[in-house]
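One is the number of the first residue; the rest follow in order along the sequence.
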Amino acid sequence: MTLPYARDFMLGRMFAADAAFDGLFYTGVTSTGIYCLPSCRARKPRAEHVQFHATPHEARAAGLRACRRCHPDGYRGVPGPEAAMLAALGGVRVPDVPGVRALADALNLGESALHVHWRELFQVTPGEWLARERVRLAARTLRGTGDSVAEVAFAVGFGSLSAFGAQFRRVMHLTPQAWRHAGRGGGLTLTLPAAFPLEVVWRDLGRDPDSVTQRVEAHAGRVAFAWALPGGPQRVTLHVTAGRVEVHPDAPGALTPTDWEALHTLTVRALGLHTPLTPGDWPVPLVPQAFDGLLWAVAGQQVTFAQACRTRRTLTLRYGTPVAGGLTAPPTAARLAALEDADLRACGLTDARAALLRRLAGRVARRELSMDALARGTVGAARRTLLAVPGIGPWTADYVRLRVLGFPDIVPEGDAALAASLRCTHALPARPTPAQVQALLHPHAPRRSQAVLRAWHAGLNPT
């Protein structure tokens, strides 16, 4: 399993005996043949003798044995069922698992138990997870090799070309061939699901009418973004026509294949297409650029939405990159990491929030913290990893899991705007407590993120 931290970062946490990372990775010592928790108080080994593992199972598979001082196998910070499931999953290859029954067999579970545990861990069904992972593997293979579509389909575990095509279009919103040739001719076109409620997306994208990173023209079916692509920032315009989204960067000839892949990802996130939708579902648009989502989260701590917007605009105008059309791409993690806390305080952040934003910027810039890795892991692991960052509390962790990582069943129970909206819509005598917020939204499980977005929109547009 892929760890979301850089080796140097994990070495630092190990030498600091940082208990906040117990259960998030395990330290293997090749010179002694043991594995430990990061917080183990035994004498620290030399860095060249250290390897890192995601689970005890992975460490044992590497020929190591458990430390008798810190007892890593007995660690209970990660829930037992989650640890057991992830340990077993580490030995599963997606192409070798033809379906949910085979996945249950590989994990030594019954199908009913698998469904229950899988939803708790990943907030999707096992079938949805398998399809998504196969499509992701196929997408990488299609762009990276000359194998035929049929060869790729069967290699990643699909039993038929028709099933592969249907699942690929459902997840990627274009055909396998269109994905393989994305960017040729200077364009990219995605298909919207049937009955897609585009008005929800326009409303969400336009929630800050003075935004400097995007400009929505809903009447024209158009939105322009300032996006930082791998090859550099650029204005990108999305045109929506007859159930399709045409992606038009200002300078398509300057884009590399990696840029086009990034454009696809950013478009899917911006429109809330990261989760397959059924009729009646609301898309939950994500902050397109993950680090900008962290910026939103820090700017929004314990302030009104209007204040958060002003702070983010100030940060973007001072440290982002201007593009065409008067828009500015959000600041990168590397740019903010190079600043002093005083620079961030001058943008409207408190001392604590300035320190947190710079801390996050540094970890992301050094690849110690990966939003992509957290999004592909369990919902619990994402929360634990975020809460391990000094300055991040439950609200911030929930906001990031909902708006940046895209988990579909998140309730930021301490969110003031959510509580105020629920009080109004349910005609309550007082603002609901966090426990009451959970109770009010429980009927919407396992799609409570949609219900939260509806409540937020109702609060922004009261009738």
Side-chain angles (χ1 to χ4, degrees), residues 1-13 16 18 20-21 24-25 38 52 54 213 225-233 258-259 261-262 265-266 269-270 274 286-301 308 311-312 314-316 318-321 328-341 343-345 347 349 352-379 381-393 395-407:
M1 298 176 64
T2 302
L3 286 164
Y5 311 105
R7 175 179 170 80
D8 287 347
F9 174 76
M10 291 187 285
L11 283 170
R13 294 305 87 211
D18 191 341
F21 289 86
L24 300 181
F25 62 84
F52 294 102
T213 59
F225 292 96
W227 280 341
L229 302 176
T258 302
D259 290 324
E261 291 165 17
T265 298
L266 292 166
R269 289 176 60 87
H274 57 287
L286 305 183
V287 181
Q289 308 215 254
F291 180 71
D292 189 32
L294 295 179
L295 196 159
W296 266 115
V298 175
Q301 287 183 332
T311 300
R312 175 178 174 267
T314 301
L315 281 163
T316 301
R318 290 190 186 181
Y319 302 113
T321 306
T328 303
T332 64
R335 180 74 176 94
L336 293 191
L339 301 176
E340 300 295 332
D341 286 359
D343 299 320
L344 299 175
R345 289 195 299 270
C347 295
L349 293 172
R353 288 170 208 151
L356 172 58
L357 183 56
R358 200 157 69 89
R359 185 178 302 120
L360 286 170
R363 293 189 180 186
V364 171
R366 295 189 298 270
R367 300 188 180 182
E368 297 168 1
L369 185 63
S370 165
M371 294 297 102
D372 183 61
L374 292 185
R376 295 188 63 186
T378 69
V379 66
R383 188 174 192 271
R384 291 191 298 272
T385 301
L386 292 166
L387 290 177
V389 178
I392 288 186
W395 178 86
T396 306
D398 286 341
Y399 178 90
V400 172
R401 289 190 302 165
L402 194 158
R403 278 293 208 176
V404 182
L405 305 182
F407 285 104

- Query: Is there side-chain contact between L229 and T258, with heavy atoms separated by less than 4.5 Å?
  - Reply: no

- Message: Holding to side chain to side chain contact (heavy atoms under 4.5 Å, CB included), I want the full list of residues that pass it with D8, two or more places apart in sequence or in another chain.
- Response: L11

- Query: Partners of F291 by ring pair (Phe, Tyr, Trp, His ring centres under 6.0 Å), sequence neighbours excluded?
  - Reply: none

- Is there a side-chain contact between T316 and P331, using heavy atoms and a 4.5 Å cut-off? yes

- Query: Which heavy-atom pair separates A361 from L336 by the least distance, and what is that distance?
  - Reply: CB-CB, 3.9 Å

- Query: Looking at residues at least two apart in the chain, or sitting in another chain, which of them share a side chain to side chain contact (heavy atoms under 4.5 Å, CB included) with A382?
  - Reply: L374, R401, L405, F407

- Partners meeting side chain to side chain contact (heavy atoms under 4.5 Å, CB included) with L286 (sequence neighbours left out): R269, H274

- Note on the structure: Taking every heavy atom of A365 against every heavy atom of A333, the minimum-distance pair comes out as N-CB, 4.0 Å

- Does the Q289 side chain pair with the main chain of A228, one donor and one acceptor, at a distance under 3.5 Å? yes

- Closest heavy-atom pair, A373 versus S370, reported as atoms and distance to 0.1 Å, is N-OG, 3.0 Å

- By side-chain hydrogen bond (donor to acceptor under 3.5 Å, both in side chains), which residues pair with T311, not counting sequence neighbours? none

Sequence neighbours left out, cut at 3.5 Å: what donor-acceptor pairs do the side chains of residues 293-301 make with other protein atoms?
| unit_1 | atom_1 | unit_2 | atom_2 | d |
| --- | --- | --- | --- | --- |
| Q301 | NE2 | G391 | O | 3.3 |
| Q301 | NE2 | T396 | OG1 | 2.8 |

- Mind checking salt bridge (Lys or Arg N to Asp or Glu O under 4.0 Å) for R7 and listing every partner two or more places apart, or none if nothing turns up? none

- For I392 and A397 the tightest heavy-atom approach is CG2-N, 4.0 Å

- Query: Under the side-chain contact (heavy atoms from CB on, under 4.5 Å) criterion, do L315 and L357 qualify, and how do the steps go?
  - Reply: CA-CA 11 Å; L315 281 163; L357 183 56; 4.0 Å; yes

- side-chain hydrogen bond (donor to acceptor under 3.5 Å, both in side chains) against R335, all qualifying residues, sequence neighbours excluded: none

- List for me each residue that meets side-chain hydrogen bond (donor to acceptor under 3.5 Å, both in side chains) alongside R312, sequence neighbours excluded, and say none if there are none. T213, D292

- Task: For R366, enumerate each residue passing the salt bridge (Lys or Arg N to Asp or Glu O under 4.0 Å) test, keeping only those at least two apart in sequence or located in another chain.
- Result: E368

- Query: For R318, what residues pass the side-chain hydrogen bond (donor to acceptor under 3.5 Å, both in side chains) criterion, not counting sequence neighbours?
  - Reply: none

- So how far is it from L386 CG to L369 CG, rounded to the nearest 0.5 Å? 6.5 Å

- Task: Decide yes or no for T332 and Y319: does some side-chain heavy atom of the first lie under 4.5 Å from some side-chain heavy atom of the second?
- Result: no

- Sequence neighbours left out, what pairs pass salt bridge (charged side-chain N to carboxylate O under 4.0 Å, His left out) with at least one residue falling in residues 352-364? D341-R358

- Are P38 and F25 close enough that some pair of their side-chain heavy atoms sits under 4.5 Å apart? yes

